[in-house]
Asker: 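Pasting a structure below so you can have a look.
Every number for a ligand or one of its atoms is a count from 1 in the order of the listing.
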Amino acid sequence: MIPYGRQTIDAEDEAAVLAALRSPFLTQGPRVEAFEAEIAAYVGAKHCVAVANATLGLQLAYAALELGAGEGITSPITFIATASAMEQAGLTPVFADIDPETVNLAPRALDVAIGPQTRLVAPVHFAGLPCDMAAIADIARARGLKIVEDAAHAIGSDYADGGRIGSCRHSDMTVFSFHPVKTMTTGEGGAITTNDPELHARLVALRSHGIVRDPTRMARHDGPWFHEQQTLGLNARMTDLQAALGSSQLRKLDGFVTRRRAIMDAYRAAFADLEWLGLPPDAGAQRVGWHLFAVRLDFAALGRDRTAVMAELAGAGVGSQVHYIPVHTQPWRRRQRRQGPFPHAEAWYDQCLSLPLFPAMTDAEVEQVIAAVRALRP
Ligand SMILES: *Cc1c(COP(=O)(O)O)cnc(C)c1O
């Protein structure tokens, strides 16, 4: 079965991890520091903090803003972590509907959702397609809100108005995930980028027990062994084993993005004539590191439901998945506070299906997916 997404690991990656394993550093060490510098340079940000996963990355980013109690707004079409991490950081998640074309947080819906308790907005670059960050930042800045980008899908993408995602040109911080299904991997892992030295210092402390080791930031300094706990932190560190894999993967990221874009172009051409299949927006010359190939299917026109379609595709060796169950409909969220309806998010959930897209797909596998999808015809 061709899965909807999968990591690409080669001999260079294996050698990098083995070298780290044989080094004196298994936990956070010099390879983490090098990886952070490489990510910062790649995205064009001043600082990068590598973390154990993007869920903790989001939590640390929200906490570093020191917003106290209040609300954070995000999209209902995201992985639950975008919202749960707010709650872990003492904020209440609030949702605003998506733009049905892009499946990203709609600036107008954000504007309407902002209330007296709103402190933060966390836009999600769904499938790797950047949000309209210029519009979101205009709205958020005018209302005094902080901005954390959930870029778990979007490393390697460029904004429509130029600049790489992660450069934080429209935000306070950007969070990446390196889970194996994402565009590049460290096993588990994530990273936060920012241009603000104060946020960077807070993130470094929050990542490791709230401990500060920089003498210039201490109240007192008893000697070379000394450190201070200045806040309540976590152990959210990345290991040198993960960072070794990350540095090796990062060297291949541009190639991954190119291959993902080529597969998207092949799908676009192959499915353009299907009235019952809605394609993602065509980003044209804008560099989009497509993480997911998520389409809309008209199940009524097809005459069968999603379960039947997924079974048919699986019968042809093609895996598929649903991204996402709208977060505001989850039992945990409803227990906190009933929100919605969000008609565009709910309509997306009724129709969406993610089909295989990953750099290691062969041309024959791409053709296999195309044939299986075209064979679904009503
Ligand atoms: C994967 C994902 C996360 C969480 O990433 P982890 O590294 O698995 O913790 C957060 N947000 C979105 C949109 C994701 O896809």
Asker: What are the atoms of ligand 1, with element, lying closer than 4.0 Å to any heavy atom of Thr55?
Answerer: 4 (C), 6 (P), 9 (O)

Asker: Does Ala54 reach ligand 1 with a nitrogen or oxygen that is under 3.5 Å from one of the ligand's nitrogen or oxygen atoms?
Answerer: yes

Asker: Any idea which atoms of ligand 1 are less than 4.0 Å away from a heavy-atom of Gly189?
Answerer: 7 (O)

Asker: Specify whether Phe342 and His328 have parallel, tilted or perpendicular ring planes, treating 30° as the upper limit for parallel and 60° as the lower limit for perpendicular.
Answerer: perpendicular

Asker: Measure the shortest side-chain to side-chain distance between Phe176 and Thr193 over non-hydrogen atoms and say whether it is less than 4.5 angstrom.
Answerer: yes

Asker: Please confirm whether Ser177 comes within less than 3.5 Å of ligand 1 when only nitrogen or oxygen atoms on both sides are compared.
Answerer: yes

Asker: Does one hydrophobic cluster hold both Leu279 and Ile370, with members joined at side-chain heavy-atom distances below 4.5 Å?
Answerer: yes

Asker: Are more than 12 heavy atoms, taken from residues, nucleotides or ligands other than Ile325, located less than 6.0 Å from that residue's CD1 atom?
Answerer: no

Asker: Can Glu36 and Arg31 be counted as an ion pair, charged N to O under 4.0 angstrom?
Answerer: no

Asker: Do His179 and ligand 1 have an N or O pair less than 3.5 Å apart?
Answerer: no

Asker: Under 4.0 Å from a heavy atom of Thr78: which atoms of ligand 1 are those, numbered in the order shown and with their elements?
Answerer: 13 (C)

Asker: Check whether more than 12 heavy atoms from other residues, nucleotides or ligands sit under 6.0 Å from atom CZ of Arg304, and answer yes or no.
Answerer: yes

Asker: Can you list the atoms of ligand 1 that are under 4.0 Å from a heavy atom of Tyr324?
Answerer: 15 (O)

Asker: Tell me which part of Phe126 gets within contact of ligand 1: side chain, backbone, both or neither, using heavy atoms under 4.0 Å.
Answerer: neither

Asker: Which of these, Val181, Leu292, Asp150, has its nearest heavy atom closest to atom 11 (N) of ligand 1?
Answerer: Asp150

Asker: Any ion pair linking Glu367 and Arg374 (charged N to carboxylate O, less than 4.0 Å)?
Answerer: no

Asker: Heavy-atom contacts with Thr82 under 4.0 Å: which atoms of ligand 1 show up? List them by number with element.
Answerer: 11 (N)

Asker: Does the plane of the ring in Phe271 sit parallel, tilted or perpendicular to the ring in Phe293? Use 30° and 60° as the thresholds.
Answerer: parallel

Asker: Go through ligand 1 atom by atom and flag the ones less than 4.0 Å from a non-hydrogen atom of Asn53.
Answerer: 7 (O), 9 (O)

Asker: Tell me which part of Ala152 gets within contact of ligand 1: side chain, backbone, both or neither, using heavy atoms under 4.0 Å.
Answerer: side chain

